[in-house]
Chemist: 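I am attaching a structure below and will ask some questions about it afterwards.
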Amino acid sequence: MKIAPSLLAADFLNLGKEIEKINASEADFLHLDVMDGVFVPNISFGFPVLRGVAKACQKPLDVHMMTVEPEKWISKVRDLGAAIMNVHQEACLHLYSTVQHIHEAGMKAGVTLNPATPVSTLEDIISELDLVLLMSVEPGFGGQPFIRHTLEKITKLIELRERCGSKAIIEIDGGVNEKTGAELAACGADMLVAGSYVFGSDDLNAAIKRLKDV
C-alpha cells in the first residue's frame with residue numbers, strides 16, 4: 001500500500017521538523033491540500049508556503065486542488081516540481097482539457113470525486129487518468145469520520161477501470177486509520193491519504209508503516 005501523509009494535519013508551528021520526519025519515513029508521497037475558501041469552506045495554504053515545503057520535502061508531492069478553476073494553477077503546481085496534480089471533477093467545467101494540460105505540464109493527472117459524486121461520471125475520461133481520488137469525508141476539514149459508502153464506490157470504480165482499460169490507481173482521502181485502512185485495502189485501494197492518524201501519532205513513521213502493511 002502506498003501512503004501519502006496529509007500536511008494539513010501537521011504542526012504548522014514546527015513545519016520544518018514535520019517535513020524532516022516525513023523525509024525520514026517510509027511515506028511514498030506528501031499530500032498537499034490547497035483550499036480556497038470558495039470550493040470548500042476553509043483556507044489552507046498558498047503557493048508561498050508550498051514553495052518552501054517543496055524545497056524541504058524529499059518525497060514526491062501529491063497536490064490536491066480543492067479550488068474553483070484549478071486549471072488556472074497548473075503552471076504554479078508544475079513549478080513546485082509536483083509529481084501529481086489532483087483536481088475535483090465538480091470544479092472543472094472542461095475536465096478533459098484540464099487533464100490534458102496537466103499531462104502537458106509533465107505531471108500525472110488525478111481526478112477527485114466528492115462523497116456524493118458517482119464514479120460513473122468518470123466513464124468518458126478514466127482511460128486518460130493516472131489516478132482517481134475518492135473522498136471518504138466531505139472535503140475541507142480534517143478529522144471527520146469515515147464515510148463507509150466509500151467501500152462500495154471502490155468496487156464500482158474497479159469495475160469501471162477494468163471495463164475502460166484504465167490503469168488509474170485508486171487513492172482514498174479521509175478518516176483513514178489502521179482499521180479503515182485495512183478495509184480499504186481489502187476492497188482494492190492502492191494508495192491512502194492519512195492526516196490525523198499519521199501526524200497525531202507519537203511515532204509518525206510507525207503509523208505510516210502500520211498503514212503500509214494493511
Side-chain angles (χ1 to χ4, degrees), residues 1-9 27-36 39-40 42 44 59-68 70-71 73-74 77 80 82-92 95-96 98-99 102-103 107-123 125-142 144 146-161 164 166-177 180-181 183-185 187-198 211 214:
M1 179 67 70
K2 294 186 182 298
I3 305 300
S6 173
L7 194 69
L8 191 65
D28 298 283
F29 293 86
L30 180 62
H31 189 84
L32 302 173
D33 291 304
V34 182
M35 305 179 184
D36 63 358
F39 181 70
V40 294
N42 199 4
S44 56
K59 303 291 184 178
L61 302 180
D62 174 19
V63 180
H64 179 189
M65 301 299 295
M66 299 186 186
T67 70
V68 297
E71 63 276 5
W73 307 109
I74 291 173
V77 175
L80 295 174
I84 304 168
M85 182 171 176
N86 264 304
V87 298
H88 272 259
Q89 183 266 7
E90 304 86 359
C92 292
L95 183 57
Y96 194 92
T98 299
V99 167
I102 292 171
H103 281 148
M107 297 178 287
K108 292 185 177 180
V111 170
T112 305
L113 299 181
N114 282 344
T117 303
V119 299
S120 59
T121 60
L122 297 180
E123 182 169 2
I125 197 171
I126 192 168
S127 61
E128 304 295 323
L129 303 181
D130 302 294
L131 180 148
V132 176
L133 171 57
L134 298 180
M135 293 299 302
S136 45
V137 298
E138 290 292 346
F141 295 94
Q144 299 179 60
F146 178 75
I147 296 174
R148 297 197 60 78
H149 177 62
T150 309
L151 301 173
E152 182 181 339
K153 286 183 76 172
I154 293 173
T155 300
K156 291 179 179 179
L157 182 55
I158 290 172
E159 292 172 353
L160 178 63
R161 182 175 65 178
C164 296
S166 171
K167 296 181 180 179
I169 69 171
I170 299 173
E171 182 179 23
I172 311 297
D173 184 1
V176 171
N177 53 40
T180 58
E183 293 179 287
L184 292 164
C187 286
D190 304 301
M191 182 168 164
L192 303 177
V193 176
S196 303
Y197 179 76
V198 169
L211 289 177
V214 295

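Because only heavy atoms are used, hydrogens play no part in the values below, and waters and symmetry mates are left out as well, while side chains stay in.
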Chemist: Is Thr117 close to Met135 at the side-chain level, that is, under 4.5 Å between some pair of heavy atoms?
Modeler: no
Chemist: Between Arg161 and Asp190, is a salt bridge (charged side-chain N to carboxylate O under 4.0 Å, His left out) present by the stated rule, with each step listed?
Modeler: CA-CA 13 Å; Arg161 182 175 65 178; Asp190 304 301; 3.3 Å; yes
Chemist: How many angstroms lie between CD1 in Ile125 and CD in Gln89, if you round to the nearest 0.5 Å?
Modeler: 9.0 Å
Chemist: Check whether any side-chain heavy atom of Lys153 sits under 4.5 Å from a side-chain heavy atom of Ile147, and report yes or no.
Modeler: no
Chemist: Determine, stepwise, if the pair Ile74 / Met85 fulfils side-chain contact (heavy atoms from CB on, under 4.5 Å).
Modeler: CA-CA 8 Å; Ile74 291 173; Met85 182 171 176; 3.8 Å; yes
Chemist: Could you walk me through whether Met191 and Asp62 pass side-chain contact (heavy atoms from CB on, under 4.5 Å), step by step?
Modeler: CA-CA 11 Å; Met191 182 168 164; Asp62 174 19; 3.9 Å; yes
Chemist: If you compare all heavy atoms of Ile172 against all heavy atoms of Ala189, which two are closest, and at what distance to 0.1 Å?
Modeler: CG1-CB, 3.8 Å
Chemist: Strictly by side-chain hydrogen bond (donor to acceptor under 3.5 Å, both in side chains), give each pair with a member in residues 128-137 just once, sequence neighbours left out.
Modeler: His103-Asp130
Chemist: Please identify each residue that fulfils side-chain contact (heavy atoms from CB on, under 4.5 Å) with Pro60, with sequence neighbours left out.
Modeler: Phe29, Ala83
Chemist: Determine whether Leu95 and Val87 satisfy the following criterion, side-chain contact (heavy atoms from CB on, under 4.5 Å), listing intermediate values before the conclusion.
Modeler: CA-CA 9 Å; Leu95 183 57; Val87 298; 4.1 Å; yes
Chemist: If every non-hydrogen atom of Gly188 is compared with every non-hydrogen atom of Ile170, which pair is closest and at what distance?
Modeler: O-CD1, 4.4 Å
Chemist: Check whether any side-chain heavy atom of Asp173 lies under 4.5 Å from a side-chain heavy atom of Asp33, and answer yes or no.
Modeler: yes
Chemist: Start with the C-alpha gap between Leu211 and Val198, add the side-chain angles, then the distance that decides, and say whether side-chain contact (heavy atoms from CB on, under 4.5 Å) holds.
Modeler: CA-CA 9 Å; Leu211 289 177; Val198 169; 4.2 Å; yes
Chemist: Count the heavy atoms of every other residue, nucleotide or ligand shown that sit under 6.0 Å from NZ of Lys2, and state whether that count exceeds 12.
Modeler: no
Chemist: Atom NE2 of His64 and atom CG of Leu133: how far apart are they, to the nearest 0.5 Å?
Modeler: 5.0 Å
Chemist: With a 4.5 Å limit on heavy-atom distance, are the side chains of Ser6 and Ser196 in contact?
Modeler: no
Chemist: I'd like to check Glu90 versus Phe39 (side-chain heavy atoms, cut-off strictly below 4.5 Å). Are they in contact?
Modeler: yes
Chemist: At their closest point, which heavy atom of Phe146 faces which heavy atom of Leu184, and how far apart are they?
Modeler: CZ-CD2, 3.8 Å
Chemist: Does any non-hydrogen side-chain atom of Glu152 lie less than 4.5 Å from one of Thr155?
Modeler: no
Chemist: Ignoring hydrogens, what is the shortest heavy-atom contact between Gly195 and Ala9? Give both atom names and the distance.
Modeler: C-CB, 3.3 Å
Chemist: Does the side chain of Asn114 come within less than 4.5 Å of His88's, by heavy atoms?
Modeler: yes
Chemist: Can you tell me how far the OG atom of Ser44 sits from the CG atom of Leu32, to the nearest 0.5 Å?
Modeler: 9.0 Å
Chemist: To the nearest 0.5 Å, what is the distance between CD1 on Ile3 and CG on Leu192?
Modeler: 4.5 Å
Chemist: Any side-chain heavy-atom pair from Glu171 and Val193 closer than 4.5 angstrom?
Modeler: yes
